[in-house]
Amino acid sequence: MKYGSFTDYRLFACNSHHGLAEEISSIMGKPLGKSTVSKFSDGEINVSVWESVRGRDVYIIQSTCDPVNDNLMELLIMIDAMKRASAGRINAVIPYYGYARQDRKAKARDPISAKLVANLIQAAGADRVLTMDLHANQIQGYFDIPVDHLVGMPILAKYFKEKNLTNLVVVSPDHGSVTRARNMAEFLNCPIAIVDKRRPEPNKSEIMNIIGDIEGKTCIIVDDMIDTAGTITNAANALKKMGAVDVIAGATHPVLSGPAIQRLEDSAISELVLLNTLPIPEEKKIAKMTTLSVAPLFAEAITRVFTNGSISKLFD
């Protein structure tokens, strides 16, 4: 692991979310490094770096989103290329960390894929990871290198506060998101409620009960990600049936796979506020969707890492 001061840094992007990388680059006033990430005819990934990185502080921006395996391999191979080019320090900037949901053995013979991915990133040669809203906080401990874990809640909370909503309650869609909901409720100075659900199988959820007073209130559901949207739409529909006046939803990672878009369209959610840690294809954008950028936060975090500034102040 390499610490200390560097006289220069470079930003590089793989293929998963070039738009976000370009936005970060623009904010920082630093052009993206010259590199290409392509494929051989058999699908193998080929990385070429077209400028010197020797002794530089290098930041590789790549969300490990769909296609997850291709994007993960791009990141690993880019890290390896930087290591072999004698980069001074290699920072993996991963706005969305794939495989994070497999963070423990929920039943016998389960893999812990989040740990495996951490091992791969370290073995490739990364010296630091900069990420946002891991599905489980303990994933930070899977790394033996520094992990700077940014949170998206303040971006969402600031947006909701500026809307001047009244009679609010922040709702956690399950027990795992209670801390996130409580933090937002403190920011908005309102109570919280919890959706009690069970998950009979992956990507399926059933609402059992609502803990808290939501009748006649505007509900804001907050979660770290929306994948197939079953959890958040079931929660929204249940809140509406039990007397909520309006239901708004916010999430950091818009995975939006499978039937997600149709479910969101048909749900009781009046506005869906998402962060752009993953790219959202045009065909998945709907009228009730609002997208906020994480680029300013990542740009500031990268600047602080490079200058040895405090990251924790970004959480205030």
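Heavy-atom basis, side chains included; hydrogens, waters and symmetry copies ignored. Count residues from 1 along the sequence.
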- [ ] Quickly, which of R56, K34, R10 forms a salt bridge (charged side-chain N to carboxylate O under 4.0 Å, His left out) with E51? Name it, please.
- [x] R10
Open item on the list: Under a 3.5 Å threshold, yes or no: a donor from one side chain and an acceptor from the other, between S293 and E23?
Closed with: yes
Open item on the list: We want to know whether S16 and N71 form a side-chain donor-acceptor pair, criterion being a heavy-atom distance below 3.5 angstrom.
Closed with: no
Task: Derivation of the side-chain contact (heavy atoms from CB on, under 4.5 Å) call for V171 and L239 - done: CA-CA 9 Å; V171 180; L239 291 168; 4.1 Å; yes
Open item on the list: Tell me the closest heavy-atom pair linking L264 and T233, and the distance in Å.
Closed with: CD2-CG2, 3.8 Å
TODO: State, without any angle test, whether D110 and Q102 hold a side-chain donor-acceptor pair at a distance under 3.5 Å.
DONE: no
Open item on the list: Quick check: closest heavy atoms across M73 and I45, and the distance to 0.1 Å?
Closed with: CB-CD1, 3.5 Å
TODO: With side-chain contact (heavy atoms from CB on, under 4.5 Å) as the test, would you mind laying out the steps for L130 and L150 before giving the verdict?
DONE: CA-CA 8 Å; L130 179 59; L150 305 180; 4.0 Å; yes
Open item on the list: Can you confirm whether the side chains of D66 and Y96 place a donor and an acceptor under 3.5 Å from each other?
Closed with: no
- [ ] Start with the C-alpha distance between K241 and N237, add both sets of side-chain angles, then the distance that settles side-chain hydrogen bond (donor to acceptor under 3.5 Å, both in side chains), and finish with yes or no.
- [x] CA-CA 6 Å; K241 285 179 182 177; N237 295 339; over 6 Å; no
Task: Stepwise side-chain contact (heavy atoms from CB on, under 4.5 Å) test for V117 and Y97 - done: CA-CA 9 Å; V117 171; Y97 184 91; 3.5 Å; yes
- [ ] Could you tell me whether D8 and K30 have a side-chain N and a carboxylate O separated by less than 4.0 Å?
- [x] yes
Open item on the list: Is a donor from one side chain sitting under 3.5 angstrom from an acceptor on the other, for D196 and H175?
Closed with: yes
TODO: Determine whether more than 12 heavy atoms belonging to other residues, nucleotides or ligands lie under 6.0 Å from atom NZ of K158.
DONE: no
Task: Distance (rounded to the nearest 0.5 Å) between Y99 OH and I139 CD1 - done: 13.5 Å
TODO: Considering non-hydrogen atoms only, spot the tightest contact between Q122 and Y142 and give its length.
DONE: OE1-O, 4.0 Å
- [ ] Evaluate the side-chain hydrogen bond (donor to acceptor under 3.5 Å, both in side chains) criterion for residues S257 and D227: first the C-alpha distance (whole Å), next the side-chain angles of each, then the deciding distance (0.1 Å), finally the verdict.
- [x] CA-CA 5 Å; S257 66; D227 186 0; 2.2 Å; yes
TODO: Dump the intermediate steps for side-chain contact (heavy atoms from CB on, under 4.5 Å) on I226 and L272, then the final yes or no.
DONE: CA-CA 10 Å; I226 299 177; L272 176 63; 3.5 Å; yes
Open item on the list: Looking only at side-chain N and O atoms, does T291 offer a donor or acceptor that is under 3.5 Å from a partner on N276?
Closed with: no
Open item on the list: Is there a salt bridge (Lys or Arg N to Asp or Glu O under 4.0 Å) between K163 and E271? Walk through the geometry before answering.
Closed with: CA-CA 12 Å; K163 288 175 72 71; E271 183 180 13; 3.1 Å; yes
TODO: Test salt bridge (Lys or Arg N to Asp or Glu O under 4.0 Å) on E300 and R304 and set out the steps.
DONE: CA-CA 6 Å; E300 180 63 24; R304 288 172 182 257; 2.8 Å; yes
Task: N189 CG: over 12 foreign heavy atoms closer than 6.0 Å - done: no
